[in-house]
Amino acid sequence: MEDILRREGLHMMAKNRVITLLTLLKSIPEDKLVSYAWLTLFTGMLYSDFHPKKTQSLLEIARNRFIITEEETGELLALSYLIYYHFVVSGLYHTGALLLPRTEELFSKNQNDLPLHAQIVIARNLGAGYCFFISRMKQAKAYATIARDLATRNDIRNGIASTRFTCGYIESLIGNYKSCLQEIETSYALLHDPLVGMSNKLTLRVLHLNYLSKHGDFINLEHQQQLLRNSIDNHVVEQTVAAPYLYIWAGAGLVEAGEYDKAERLLEMGGKISATAETPHMRSQLLQWHGYILALQGKKDGAEKAVTEAAELRQVAGGPFYDTFCKVIHGATLARIGLHNEAQELLTTALRQAGRLPSDYMAAAALLQRAWVYRLQGCREAMLNDLQAGLNFMEKNDYTYFWSWEPDFMRELLSEAFQAGILPEFADRLAGKRLGIFFDKKGSAYPLLDITILGSFALNIEGKTILTAEKLTPAQRSLMALVLAGKDQKISQEKIQLTLWPDSSPEKARAKLDTLLMRLRKVLAQVLPCPVTKYLSMQKGFLCLDNCRIDGTSFAKLARAGLNHARAEQFWQAGNAFYRALHLWDSNMVTGSDLFIGETADLYDQLLQILAKTGHTYGIILAESDCTEEAIEVVNKVLQINRMDDQLITLLYGLYIRSGKMLKAKETLQQYRQTLRDLEYNQEEIDDLLFQIAASPS
């Protein structure tokens, strides 16, 4: 067996025959197993998929035996997997970094004599080591690219998955989102490939979560976390850094939303989730976020203690990228408990380190946190300089968020930027997207008006409903519908008059419009926190809705983005856009019936058409990714709103057939038959439509 594994073991692992190999190896008593270097090595390597915590001791035993027998290939493989262990399980980056010189030396010496699979594994782990342990991105990219190209040319799926993860994470750490997305899209199908092992599927999903967290897409982050939990054995997740990261990244989202109490409770849970959470690498990250949250809550002593301990643990664990962010969040914490000079010093160091990584993302975070410190110190010129530089980094890279974003300080910084004329349009856009506010010409901040039309019509301010359709007269509802249905929410007064009072003279129609508009403004003035003219105004003969967020408009934008991604075969991005788009719909409410009638019904019909196309495309993407249950859930949700789309009915019927749910398939046809009867279709038409669905390929 020893000889067979030496010759064929890596090839069998590449073919994902890990269960067979591990079953054989586990049948050997451990005291006998460790007498054989290759058996011990492969047991340690295979445990990375099922018992990651057990791998280190076995790999160290094998490595020492190979050193004694001077088997450099075996030593090289053991070193490579120890590197993998330290960036996936232990998080001891300083310790892992010590392995790089010897691994690189042996790889350079023996590369041409190594089996193909060994070359891929070793080059990939060297790339990961240079990336995570010491942030030498040039070397990291070089090794990761060697591994990726070898795996791709030879169609080795496990190798492709592991190398795409490494290449993607390198791009993520330096803040190159476009290249990171390219790696994610290229490797997306591997999540459902039987030739890809569980640990590689886990790391790919971790890459997805990292991207979403850094990008600030916390709606999809929550969804993707659930997908990870559903698809990966929890026993494996808990033994890797993935387990605590689920809590850290979700906690960052709660900080961004200003929900500090929830974030504190979540991080406390994350610290207890697994033994991995207690490693210096993960404990440091949990503590630094915890300290920051305590500072935001005004708990000075606990905050300083937590970030101090986090910094000490970071020195034990290592990792330049993580050390840089530790200094950013440490400085941000000290700024909020009044230690401004210490905060400034830490953030200046973090900024210098961000330049060396290099990472525009970290630089933007450090600059904006330091701008806040300068503001507290009354150093206006220095504040504006940092604000300009930080926002420049964000605009250049299309960042709309960074780790440590919290609403209070960003509200004030963006207001300062707007007033000073520093990228005013970008500052206003960020404020709207992230904070739900807008700035007037003087730079004063006001809340955006959120308008709900995907469900019962309502006006909302800062998450609270201030007005519903029942509080408006029929004429007022018609006027709101007209302006909402207008292009860019603008409509000429002539069109309003012709639509609402077609039989009146222009003078009488204008008088009626003036009266109607005056009464509508009076109703709005009673519930709005600021002047009505900030939201509803007459400009050059056009009635305009300004400074509003309309869920229907957001839905259409996201849905079209998803459809464009789907056409470009960017299925991961398409799925994220579709998920956020459908998230805006309330399938339990009758949409449009309380507002859009007559001419304005076209807007509602257009939204329904986009919804049907979204549901159909998203359902197919999910089905082709072997996510049949989620596809069924999506199509059912859309059909609750749009019951008559025959493409959706056909897709749902096929999904039920495909998953063996014959009774559900039959119920789908019966429900459609009844809907057609309710709409007074004749029996011949009904039979023809049902036959087309039943005859469609599933």
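- Ring pair H215/Y401: centre-to-centre distance not below 6.0 Å.
- A centroid separation of less than 6.0 Å is found between the aromatic rings of Y399 and Y361.
- Ring to ring, F325 and F402 are not that close: their centroids are 6.0 angstrom or more apart.
- In terms of modelled atom types and a separation under 3.5 Å, the side chain of T145 and the main chain of K141 share a donor-acceptor contact.
- Within 6.0 Å of the CD atom in E222, the count of heavy atoms belonging to other residues, nucleotides or ligands does not exceed 12.
- E183 and Y169 form no side-chain donor-acceptor contact under 3.5 Å, judged by distance and modelled atom types alone.
- The pair R265-E268 does not meet the salt-bridge criterion, since no charged nitrogen lies less than 4.0 angstrom from a carboxylate oxygen.
- A heavy-atom distance below 4.5 Å is not found between the side chains of T333 and E304.
- The residues E171 and K178 are annotated as not salt-bridged, no charged nitrogen and carboxylate oxygen being separated by less than 4.0 angstrom.
- For the salt bridge (Lys or Arg N to Asp or Glu O under 4.0 Å) condition, the pairs that include at least one residue of residues 84-104, sequence neighbours left out, are E75-R102, R102-E105.
- Exactly one residue among L221, I273, L209 makes a side chain to side chain contact (heavy atoms under 4.5 Å, CB included) with L246. That residue is L209.
- Annotation: salt bridge (Lys or Arg N to Asp or Glu O under 4.0 Å) contacts involving residues 322-332, sequence neighbours excluded, comprise D323-K327.
- Residue A364 comes nearest to M394 through the heavy atom pair CB-CG, 4.0 Å, listed as atom of the first residue, atom of the second, then distance.
- For the pair R157 and D155, the salt-bridge criterion is met [side-chain N within less than 4.0 Å of a carboxylate O].
- Here the CD1 atom belonging to I120 is positioned 3.5 Å from the CD1 atom belonging to I156, to the nearest 0.5 angstrom.
- A donor-acceptor pair shorter than 3.5 Å can be found between the side chains of S404 and Q369.
- Between the side chain of T324 and the backbone N or O of P320 there is at least one donor-acceptor pair closer than 3.5 Å.
- Side-chain contact, R124 with T163: no donor N or O sits under 3.5 Å from an acceptor N or O.
- No more than 12 heavy atoms of other residues, nucleotides or ligands shown are found within 6.0 angstrom of CD on E345.
- Inspection of the S213 and W403 side chains reveals an N or O donor paired with an N or O acceptor under 3.5 Å.
- With respect to the salt-bridge test (charged N to carboxylate O, under 4.0 angstrom), the residues E278 and R283 do not qualify.
- Although no hydrogens or angles enter the test, the distance criterion places a donor-acceptor pair under 3.5 Å between the side chain of N220 and the main chain of N576.
- Taking the six-membered ring for Trp and the full ring otherwise, Y84 and F87 have centroids separated by under 6.0 Å.
- Other residues, nucleotides and ligands contribute over 12 non-hydrogen atoms within 6.0 Å of the NZ atom of K214.
- A salt bridge links R336 to E406: at least one charged side-chain nitrogen sits closer than 4.0 Å to a carboxylate oxygen.
- Between H235 and Q239, the side chains place a donor N or O and an acceptor N or O closer than 3.5 Å (distance only, hydrogens not considered).
- Of all the heavy atoms in S359 and F321, the pair that sits closest is OG-CE1, 4.3 Å.
- For the pair A363 and A354, the tightest heavy-atom approach, listed with the atom from each and the gap, is N-CB, 3.6 Å.
- Side-chain contact, R370 with T348: a donor N or O sits under 3.5 Å from an acceptor N or O.
- Using a 3.5 Å distance cut-off with no hydrogens or angles, the side chains of H281 and Y93 do pair a donor with an acceptor.
- Between F107 and L114, some side-chain heavy-atom pair lies under the 4.5 Å cut-off.
- Atom-to-atom distance recorded for D360:CG and L367:CG is 10.0 Å, nearest 0.5 angstrom.
- Residues E60 and N64 have side chains that never bring a donor and an acceptor to within less than 3.5 angstrom of each other.
- For the atom pair L100 CG and R136 CZ, the distance stands at 8.5 Å (nearest 0.5 Å).
- Taking CD1 of I160 as the start and CG of L150 as the end, the distance is 11.0 Å to the nearest 0.5 Å.
- Considering all non-hydrogen atoms of both residues, Q288 and A310 come closest at N-CB, 3.6 Å.
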